[in-house]
Amino acid sequence: MADMRNGDGNGNIFVRNYGVNPAPAFNFMLRVEGVIDVPCKKILAFRKENEFEYIQEGGLNDYVHMRRKPISQPFKLQVERYIGVDFLDPLTLGTELILPLFLMVGRNLVYDEFDPVRLYLFTGCVVTDKQWGDLDAERSSLFTEIVTIGYREMFCIQNPLNGE
């Protein structure tokens, strides 16, 4: 058996996690409607946060009670992508996706044996906003757009067989 502490093998075992093989943040793929791979420049940081109501009980000065409130607005995912790489835009403004949106993060190249370390599934997705990048005749850059997607639920799935 390989010595996991020296970087041989995966090194992330349930009981003994040496943390020697973290997932990189540059190998990712976005899949729309289960079949359309969407090239992206960047997935902006996303989070899922619950809202809470704070209740202070009379006579207790050391802490407050926290009660979860109903969600008042959809969660948001922002995707920055290049313009001109698609024949048809799968993320047009107002699109309501039928299937979950998949965000796959892996260690290998995207199409050469892409084995995701983590898979994020976003359900109830609707494209709510689009923002186009700057056009500047004095600076060379690529034309991008930022797509904001509102979603209902996010599920995070860790691949237990990755690297084995």
Side-chain angles (χ1 to χ4, degrees), residues 4 7-14 17-52 70-164:
M4 300 292 180
D8 298 334
N10 190 7
N12 293 332
I13 302 173
F14 182 68
N17 184 353
Y18 298 109
V20 295
N21 201 7
F26 56 84
N27 283 333
F28 58 91
M29 180 173 23
L30 189 68
R31 185 163 287 163
V32 178
E33 296 295 8
V35 294
I36 305 169
D37 291 336
V38 176
C40 298
K41 176 184 177 185
K42 184 189 320 184
I43 305 290
L44 284 81
F46 56 95
R47 68 181 189 190
K48 184 174 178 184
E49 184 178 5
N50 292 324
E51 298 177 39
F52 289 91
I71 302 301
S72 61
Q73 57 183 329
F75 302 110
K76 294 179 183 172
L77 171 70
Q78 289 188 312
V79 177
E80 186 172 2
R81 50 190 310 261
Y82 298 110
I83 293 177
V85 295
D86 299 320
F87 182 69
L88 296 173
D89 185 4
L91 297 173
T92 57
L93 189 59
T95 300
E96 295 183 24
L97 301 178
I98 298 169
L99 296 176
L101 184 72
F102 294 93
L103 174 59
M104 298 173 275
V105 180
R107 289 189 182 92
N108 300 328
L109 295 173
V110 174
Y111 286 109
D112 292 344
E113 301 175 17
F114 187 65
D115 188 20
V117 174
R118 184 165 283 178
L119 176 68
Y120 295 94
L121 284 93
F122 300 92
T123 63
C125 295
V126 178
V127 178
T128 59
D129 185 35
K130 275 196 160 189
Q131 175 184 344
W132 289 270
D134 294 339
L135 296 172
D136 188 351
E138 295 180 357
R139 185 173 60 95
S140 175
S141 64
L142 298 174
F143 193 25
T144 62
E145 66 183 3
I146 297 176
V147 180
T148 302
I149 302 168
Y151 64 92
R152 200 174 309 135
E153 289 289 332
M154 178 187 76
F155 301 97
C156 177
I157 300 170
Q158 183 77 19
N159 185 355
L161 301 176
N162 184 266
E164 296 298 319

* To do: Give, for atom CD1 of I71 and atom CD of Q73, the distance between the pair rounded to the nearest 0.5 Å.
  => 9.0 Å

* Asked: Hey, what do you get for SG (C125) to CG (L99), rounding to the nearest 0.5 Å?
  -> 10.5 Å

* Result of checking L101, V126, T128 against I149 for side chain to side chain contact (heavy atoms under 4.5 Å, CB included) -> L101

* For the pair L30 and V79, evaluate side-chain contact (heavy atoms from CB on, under 4.5 Å) and give the outcome as yes or no after the intermediate values. => CA-CA 9 Å; L30 189 68; V79 177; 4.0 Å; yes

* Measuring from R118:CZ to L103:CG, what's the distance to the nearest 0.5 Å? -> 11.0 Å

* Determine, stepwise, if the pair T148 / L77 fulfils side-chain contact (heavy atoms from CB on, under 4.5 Å). => CA-CA 6 Å; T148 302; L77 171 70; over 6 Å; no

* **Rounded distance [0.5 Å steps], CG in L91 versus CG in L97** => 6.5 Å

* Y151 and T123: side-chain contact (heavy atoms from CB on, under 4.5 Å), yes or no, with the steps? -> CA-CA 6 Å; Y151 64 92; T123 63; over 6 Å; no

* Side-chain contact, heavy-atom cut-off 4.5 Å: F75 with F122? -> no

* Using a 4.5 Å cut-off on heavy atoms from C-beta on, say whether the side chain of I83 contacts that of W132. => yes

* Asked: Does atom NZ of K48 have more than 12 heavy-atom neighbours from other groups under 6.0 Å away?
  -> yes

* Asked: After noting the C-alpha distance and the side-chain angles of R31 and M104, does the key distance pass the side-chain contact (heavy atoms from CB on, under 4.5 Å) rule?
  -> CA-CA 8 Å; R31 185 163 287 163; M104 298 173 275; 3.9 Å; yes

* Structure fact -> To the nearest 0.5 Å, atom CD1 of I146 lies from atom CD of E80 at 4.5 Å

* E51 atom CD, over 12 foreign heavy atoms within 6.0 Å -> yes

* Do the ring centers of F46 and Y120 come within less than 6.0 Å of each other? -> yes

* Sidechain-backbone polar pair: D136 side chain, E138 backbone, donor-acceptor under 3.5 Å -> yes

* To do: Using modelled atom types only, decide if a donor and an acceptor are shared between the side chain of T92 and the backbone of D89 within a distance under 3.5 Å.
  => no

* Asked: Roughly how far, to the nearest 0.5 Å, is SG of C40 from CD of Q78?
  -> 12.5 Å

